[in-house]
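Take a look at the structure below.
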Amino acid sequence: MKRVRKKSTALFCLILSYTLSSVAEPQKAAIASAHPLATEAGFEILAHGGNAFDAAVAVSAALAVVEPASSGLGGGGFWLLHRAKDGFEVVLDGREKAPLAANAAMYLDEQGNVIPDLSKNGALAAGIPGMPAAIVHLAAKYGRLPLSQSLQPALRYAHNGFAIGARYQRLLQSRLQVVAQNSEAARIFLDNANVPASGFLLKQPDLAHTLEKLAESGAAGFYQGEVAKKLVSGVQAAGGIWTLQDLARYQVVERQPISGNYRGIKITSVPSPSSGGIVLLETLTILAGYELEKLTPTTQIHLITEAMRRAYHDRAFYLGDSDFVKIPVKRLLSADYAAGLRSTIRMDKALPSAALRGELTADTPGTDTTHFSIIDSVGNRVAATLSVNFPFGSGVVVKGTGVILNDEMDDFVSNVGQMNGYGLVGSAANAIAPEKRMLSSMTPTFVEDKTRVGILGTPGGSRIISMVLLGILDFAKHHSPQSWVAVPRFHHQYLPDVIEHEAGCFSPETLQVLTALGHQFKQTDTPYGDMQAIELNKQTGQLSAASDPRGEGLADVR
Ligand code: DON
């Protein structure tokens, strides 16, 4: 009996992989990014004979210039790649690392309490950047054009300037005090100590110079020599702990993507040091046991919330940088484990998060960012999510470099049991250690079923994973990418024990029913996320691209 089942499972997998593997060439290309100038940069490089990977270099660098609040050379990210000619898939991990002089207690006072904002504002909050190393690697190993060519659009934007818009103003306003404290950041990003008016031409000649060094000398142009010296002395003068050795030792890492299935859909996403892929797949594996489409919308929301609660709980307990801690990935993503978790989900009652097993102890084992999606005319794909963490990162720009330092150190657990900037808790698995990568929620993802391929991702801190999840559940309904990026958003992350949601996400009746089940709610002040998505029809090669209506991005097919 077992053997027969094994055989038929093998046959099913064979058929599935055959149907999944036959993909028509799109003929055209599609790019979706959070800023029109970044999307244009990508198309420009494709027009010059670049492939999707060259375009990804151009878009990443352009975003570093035109979306300085969200990502940049002083930050990091994850680039998920699919090469059409042989189906090879890889994640470029350009996540920041803790400096060599970092330690687990570096943000605590003598009583062991977290010193407010020390991991968020100022030079001590900055991890060693990974973005420059990642784009150099991407160009050299996967691209067709020299870096000097794919960095051209970004260089132009930095030299000639670009007109800032409402999003820049809003994000700067949210970090005004921090940016104003650093004279170099204030000089570049403010207009006479104020948020500039819409249309203000922002020029960044120092950043252009740093990009030129990168174009000339590759990674050494940033991690060694003149730029590195400026960065280290600037960071140290501002109270940080970087050394030249930190920069010289930074390495981008190629990691095998993490993948799984949800009711006939193959999902491919990022492994540790992002929690994105693991939490996404764990949630979907729990949900795969239900026929969601046959249930009432309210029951669906209840079950999705209960699945998120359990997967984010495991995030808090087990996840950290897998180069440092052992993560039971296989177990967390197994069908048996999901079935066990499902057996704890009641249809008529929310489980209080406090009732979930265990207490976070120090010895337990183990808002702002950007995403873009690209496919070129032969089917090479990129999904990339990049970050400096909070808007304008740590608020520090090192003089003469134009580089905004990230504040990604806040993604570590500064103190077990205390929440970080996104309200996330965690265990020793995500404690600070020299050269360790802080746990991320970034979730650039590919989805694929018999007839379609999807590329998606978004910024949004801890809510990134739940946004990608809701996008995938919408893909499962055969809706368009315009719909995935627009779905009303809700989120549960285990602690705090509330469903956060956008205004208008739930009807009063739905809220009433869910409240009766024991759920609590918190409406977010504003809509959240900035999803960028692409869909390929595998049979016709037709492309469709969508940019989140909440943002100012541009998605196009050309
Ligand atoms: O890596 C992470 O999970 C965070 N640093 C991402 C931050 C973010 O998305 C902020 N966006 N609104």
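Just so you know, these numbers use all the heavy atoms, side chains as well, and skip hydrogens, waters and symmetry mates. Indexing begins at 1, ligand by ligand and atom by atom, following the structure's order.
With hydrogens and angles left out, the side-chain atoms of Asp314 and Tyr337 include a donor and acceptor closer than 3.5 Å. Using modelled atom types and a 3.5 Å distance limit, the side chains of Tyr223 and Asp246 yield no donor-acceptor pair. Between the side chains of Gln532 and His371, no donor N or O sits under 3.5 Å from an acceptor N or O.
Taking the ring axis of Tyr528 as reference, the NZ or CZ atom of Arg463 stays within 45° of it and closer than 6.0 Å to the ring centre.
Each of the atoms 1 (O), 2 (C), 3 (O) of ligand 1 lies under 4.0 Å from some heavy atom of Ser441. Set against the non-hydrogen atoms of Met442, the atoms of ligand 1 under 4.0 Å away are 1 (O), 3 (O). Distances below 4.0 Å separate heavy atoms of Ser387 from the following atoms of ligand 1: 5 (N), 6 (C), 7 (C). Taking every heavy atom of Glu408 and a limit of under 4.0 angstrom, the matching atoms of ligand 1 come to 1 (O), 4 (C), 5 (N). Which parts of ligand 1 touch Ile464 is read off a 4.0 Å heavy-atom cut-off, strictly below it: atoms 9 (O).
Residue contacts with ligand 1 for Thr369 involve both N, CA, C or O and side-chain atoms from C-beta outward (heavy atoms, distance under 4.0 Å).
Among Gly77, Gly460, Ser440, the residue whose heavy atom sits closest to atom 1 (O) of ligand 1 is Ser440.
Every residue was checked against the salt bridge (Lys or Arg N to Asp or Glu O under 4.0 Å) condition with Arg315, not counting sequence neighbours, and none meets it.
Heavy-atom neighbours of Gln520 CD from other residues, nucleotides or ligands within 6.0 Å: at or below the threshold of 12.
Considering both main-chain and side-chain atoms, Pro459 never comes within under 3.5 Å of ligand 1 through any nitrogen or oxygen pair.
In this structure, the ring of Phe506 has its center less than 6.0 angstrom from the ring center of Phe521.
The closest approach between Arg95 and ligand 1 falls below 4.0 Å for a heavy atom of the residue. Heavy-atom distances between Tyr422 and ligand 1 reach below 4.0 Å in at least one pair.
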